[in-house]
Undergrad: 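The following block contains the structure, expressed as structure tokens.
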Amino acid sequence: MQQGMVRIEAGGYTPLFRDEGGPPFIAVDAFLLDQYPVTNGEFARFVASEQRWAPQNIKPVFADSNYLAQWREVAPQGLEGIENQPVTNVSWFAARAYCDWRGKRLPNVDEWEYVAMASEEAPTVGDDPDFQARVLQWYSTPAITRLPDVQDTWRNYWGVHGLHGVVWELVNDFNTALVSGESRADSELENSLFCGAGAAAAVDPSDYAAFMRYAFRSSYGARSSISSMGFRCASDVPGAKGVNP
Amino acid sequence: MTRESVAALVLLLMVCLPLTAGQPELPDDSVYQLGGSWTKHNGQQLELAELAGRPRLVSFVYTYCEHTCPTIVARLKLATDGLEGSIADDLQITLVSLDPQRDTPQRLQTYMQEQGLDERGWLMLHGDPDEVLGFAAMLGVRYRPMGERDIAHSNMMTLLDGAGVVRYQSKGLGDDPADLAEAISQLASEEQ
């Protein structure tokens, strides 16, 4: 196993939206996930090696002008003070390139949401309203002005740190979220915008935090570099495909 | 080196150079900066950057779609049927398959024949799922498998100029077709 990664055992979760007649439960194979979000320091080493992803070189099709804004605004002298904070203002293209450089990949939505269900004590908290309320509390706190170092963040059952309450995190298939965005309550997708999507319906509207993540992904563009958005990488476990219980 | 072999080398250079050196550098805002390898409906390999050189109207489809895909193809036909002048010959409608597993290049070829899409005016592309995801993300196209057979997807049509820069995007089938037509004629007037 790569250093800094933890093994997530096979399992699954109930997605917020599911297809009409589709499975209520999505199985997830065992995989490896970074224990911590990628930090500014780690991302700087990537950029030093792959210079096309440096702020001064990156092509505008891969990131907007906010790309790595904190490097020039908060820590223009090296990365003093922010080295161990989660890297933010990275676009999906850049995050993907980073994981690829590390021989990893971005986690997909199902993997991320599955791990996000874990509390400190259990891999799946189920309908624990207490846990949901705590996650929601984090989400409704105004964006924190100073991000914590990744080591100082909340740790869940799997040993994964900072999944909730620090920054939003990118997933590989963010563009599978199809809410049209016109209305927050809109779970019926507009048929003129999407082909054959009318059958998607919310499963558990009480999981408002999951709904927020879904809505965030559905409004995200692959070039967007957002100050409250970071990422971590995942890897396959050799031979783990299709061995779900 | 004999005179003949030098001549042969020179000839070889003359033939080969335009393919590489003749390829103008892509602008920074060209979507072809993405790179990646694809397969055409006729089985030929293609690097994404090779799409440069002709303006394109790009949509993402899958050939088994029973919902709006046939409408997209019909609308693309409609949008281009009345074109005149060099743009009519230049513009190539490019359909990217969202279902690489079932839409093999052979299947795409068959689909082209079934739909009566000629090879000069239409191109269908097959790529591995990762390339499809990247290209779709680049153009703001969203899609999601729905059950075993269907893929919900954006009805987006993107007009790219010859360098691969986005010139117009029609996000839904509710948009006025006249907007797309106008964007194409604007592009045609610039390219002359």
Side-chain angles (χ1 to χ4, degrees), chain A residues 15 17-23 26 52-53 56-64 91-97 99-100 105-106 108-110 170-182 188-201 214 217-224, chain B residues 25-35 48 59-62 64-73 75 98 129-157 160 163-166 169-176:
Chain A
F17 287 87
R18 75 164 197 253
D19 322 334
E20 211 167 66
I26 302 277
R52 58 190 288 242
W53 296 100
Q56 67 275 21
N57 298 335
I58 193 163
K59 308 274 191 218
V61 282
F62 294 125
D64 63 28
S91 68
W92 177 82
F93 287 113
R96 247 187 152 201
C99 291
D100 191 48
R105 59 176 173 79
L106 281 174
N108 59 43
V109 175
D110 291 339
L170 285 159
V171 290
N172 195 41
D173 49 349
F174 77 93
N175 63 349
T176 58
L178 302 179
V179 176
S180 65
E182 293 306 318
E188 286 277 310
L189 298 168
E190 226 188 296
N191 273 315
S192 79
L193 289 180
F194 294 107
C195 158
Y214 191 94
R217 284 172 200 139
S218 74
S219 64
Y220 180 79
R223 295 170 63 245
S224 311
Chain B
E25 201 169 309
L26 294 168
D28 283 355
D29 53 352
S30 166
V31 302
Y32 302 142
Q33 293 282 356
L34 184 65
L48 192 68
S59 261
F60 288 70
V61 299
Y62 65 107
Y64 295 88
C65 181
E66 291 168 2
H67 303 277
T68 42
C69 303
T71 321
I72 294 177
V73 172
R75 177 169 273 217
L98 290 167
D130 224 39
E131 303 289 356
V132 175
L133 182 67
F135 198 24
M138 179 62 87
L139 295 181
V141 167
R142 295 174 171 275
Y143 62 102
R144 188 157 76 100
M146 305 286 280
E148 291 291 299
R149 299 197 350 246
D150 287 321
I151 302 172
H153 62 92
S154 315
N155 291 326
M156 182 96 83
M157 296 175 222
L160 299 175
V165 177
V166 175
Q169 289 198 302
S170 154
K171 292 200 167 55
L173 297 174
D175 293 2
D176 188 346

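Letters go in sequence order (proteins before strands), and every chain restarts at 1. Side chains are part of it too, since the values below use all heavy atoms of this structure and drop only hydrogens, waters and symmetry mates.
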Undergrad: Need one label for B:Val165: side chain, backbone, both or neither, based on atoms under 4.5 Å from any heavy atom in chain A.
TA: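 It is neither, since no heavy atom gets under 4.5 Å.
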
Undergrad: Is it the backbone or the side chain of A:Phe62 that comes under 4.5 Å from a heavy atom of chain B, or both, or neither?
TA: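 It is the side chain, since no backbone atom gets that close.
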
Undergrad: Okay, side chain of B:Asp29, backbone of A:Pro60: is any donor-acceptor separation there less than 3.5 Å?
TA: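 Side chain of B:Asp29 to backbone of A:Pro60: no pair is present.
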
Undergrad: Contact between B:Leu133 and A:Arg96 at the side-chain level, heavy atoms closer than 4.5 Å - yes or no?
TA: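 Of all side-chain heavy-atom pairs linking A:Arg96 with B:Leu133, at least one is under 4.5 Å.
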
Undergrad: If we define contacts as heavy-atom pairs under 4.5 Å, which of B:Gly140, B:Ala137, B:Ser30 has the most with chain A?
TA: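 Looking at each option in turn, the highest pair count goes to B:Ala137.
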
Undergrad: At their closest point, which heavy atom of B:Arg142 faces which heavy atom of A:Arg217, and how far apart are they?
TA: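 Smallest interatomic distance, heavy atoms only, reads NH2-O, 3.1 Å.
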
